[in-house]
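Order of the sequence lines fixes the chain letters, A, B, ..., with proteins taken first and strands second; residue numbering starts at 1 for each chain.
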Amino acid sequence: MSKADKIKARAPRGFADRGPAEIAATERMLAAIRQSYELYGFEAVETSFVEYTDALGKFLPDQDRPNEGVFSFQDDDEQWLSLRYDLTAPLARYVAEHFDALPKPYRSYRAGWVFRNEKPGPGRFRQFMQFDADTVGAASVAADAEICMMAADTLEKVGIGRGDYVIKVNNRKVLDGVLEAIGLGGETQAGQRLTVLRAIDKLDRLGPDGVRHLLGAGRKDESGDFTKGAGLEPDAIARVLAFTEAKGATNAETIENLRTVVAGSARGEEGASELAEIAALVAGSGYEDRVTVDPSVVRGLEYYTGPVYEAELTFQVQDEDGRPVRFGSVGGGGRYDGLVGRFRSEPVPATGFSIGVSRLFSALKAVKSPVVSGQETPGPVVVLVMDRDQIAAYQRMVSTLRHAGVRAELYLGSSGMKAQMKYADKRQSPCVIIQGSNERERGEVEIKDLIEGAKAADAIASNAEWKSARPAQFSVAENQLVDAVREVLGRHFG
RNA sequence: GCAGCCGUAGCUCAGUUGGUUAGAGCACCAGAUUGUGGAUCUGGGGGUCCCCCGUUCGAGCCGGGGCGGCUGUACCA
């Protein structure tokens, strides 16, 4: 078989492998988030990766493009199934299915992989992890306020310092009021409303001028590509932009500005009142410096019906080329009162928050949070195979170490001693166990401290000296093996 | 999807106006050293020069088409 016939070994576009260091660090971060959610009284729940397509979203994939946006396939009874693209829609299905058995309000959290069939980019994958918390069955904005405060606590728990993040809150009802005022309130303008929404969502990236173009005729980007706009009149554009710029020095001031912008719209005023209530609740618990009302937050999703929130990191770091990197949003959420109701005859209010696990993870690495950059765990103690006919004896040493609770393994390859040393080095072994015929005759084992040895290597220039010195190596009686290994481990991992 | 840039070893890249057997550094493997990681030295494995068609005596290089990657933009329920 020629090489050309071989299958190329590569992960599919937008999918990533993870090694032991990243897995361990992510687990620590997830544990911290879980603790925070648990502390707030949320309970765990897990749903499947696959859902009936119609339970996930509002349309069935059509025959021509069944995988637009989501990964979909047909069951043997021809029903369409899809990989979940977020954790909110599956939760709505779960709550609707088990409605009678669940305590209401139902507070739950869950972490898991979600899948999107979209173009991947740096920091954007087709499989990624989210960590959500939701309160279902509580119409009060106290539920929204609580989730915002929990988001703040959670970020601090994983190592983001106070002042390095902000939880921004807005309300869809206020935006609806603005849209009503410029004549986009009707059912027939739903598409145009969504275009406006998405244009505002790009404020942080494109700035007010870019958004102005998107709200009007359209915008041409630097590659010369043209994006069609929402087609609003200039005074309507001014009104929308005024809304996004209504943020004042304090929450009270911002809400006052918003009341002016939506004056006359009942729905808009209701939204402003809800924001005032949230601001009061947040201030009552002393979170007013971390949870702020910010009209520029809209979120691109259609299903939000009330308060929406976004957790944004405000610090900057430099990448390898010295360019500033902003992490921006690491999580978001909002109230989705219509989602569970799709499955039931009665409306069920709900609100929730979702953390983008990978994005938060890269941010934590950038700020060197101890949660992700804690000490590397040591590799296993490796028992070297010096004489092939003594494998049973070597295996017994491994077994002794394991029963003493020491992570250990027998070298299972076929190479010589030098390669075995390299193997142990690559495995980050704290030490290796050596027993050749000399040691065996004396009833001893040789223990080499690889960490100490590496330090000693700096002072040694010639290879002959390196080999004869045998740094950080000592001999003990066989029955002292466990104690000696523990002593070496104690030197480095206390 | 649209637009721009780019495809040579596992990685980063050289490769002259088109010329014979396509190179370097790093990484990997082995030896120098019967049984010791690092450093040094020596050697070795590894390539359909993304694919196909065309031009040419001759293509890594020129032309056309395709595929793939990166960046921006759109979509992201």
Self-check item: 5' precedence on RNA chain B between G453(A) and S415(A) (nearest-nucleotide basis)
Solution: S415(A)

Under 4.0 Å between any heavy atoms, over every strand shown, what does [X] touch: base, sugar-phosphate, or nothing? Just pick one.
X       : value
D387(A) : nothing
D86(A)  : nothing
L384(A) : nothing

Quiz item: When rounded to the nearest Å, what value does the distance between C1' atoms of rG37(B) and rU33(B) take?
Solution: 14 Å

Exercise. Please work out whether the ring planes of F71(A) and F115(A) are parallel, tilted or perpendicular, with thresholds of 30° and 60°.
Key: perpendicular

Quiz item: Can any side-chain N or O of S82(A) pair as donor or acceptor with the backbone N or O of R84(A) at less than 3.5 Å?
Solution: no

Quiz item: Quick one: which of rG35(B), rG69(B), rC75(B) gets closest to the side chain of R124(A)?
Solution: rC75(B)

Complement of [N], any strand, by Watson-Crick or G-U distances under 3.5 angstrom:
N       : value
rG72(B) : rC2(B)
rG19(B) : rC57(B)
rC49(B) : none
rC26(B) : rG10(B)
rU40(B) : rA32(B)

Practice problem: Please say which of R335(A), R107(A), R110(A) ends up in a salt bridge (Lys or Arg N to Asp or Glu O under 4.0 Å) with D134(A). | Solution: R110(A)

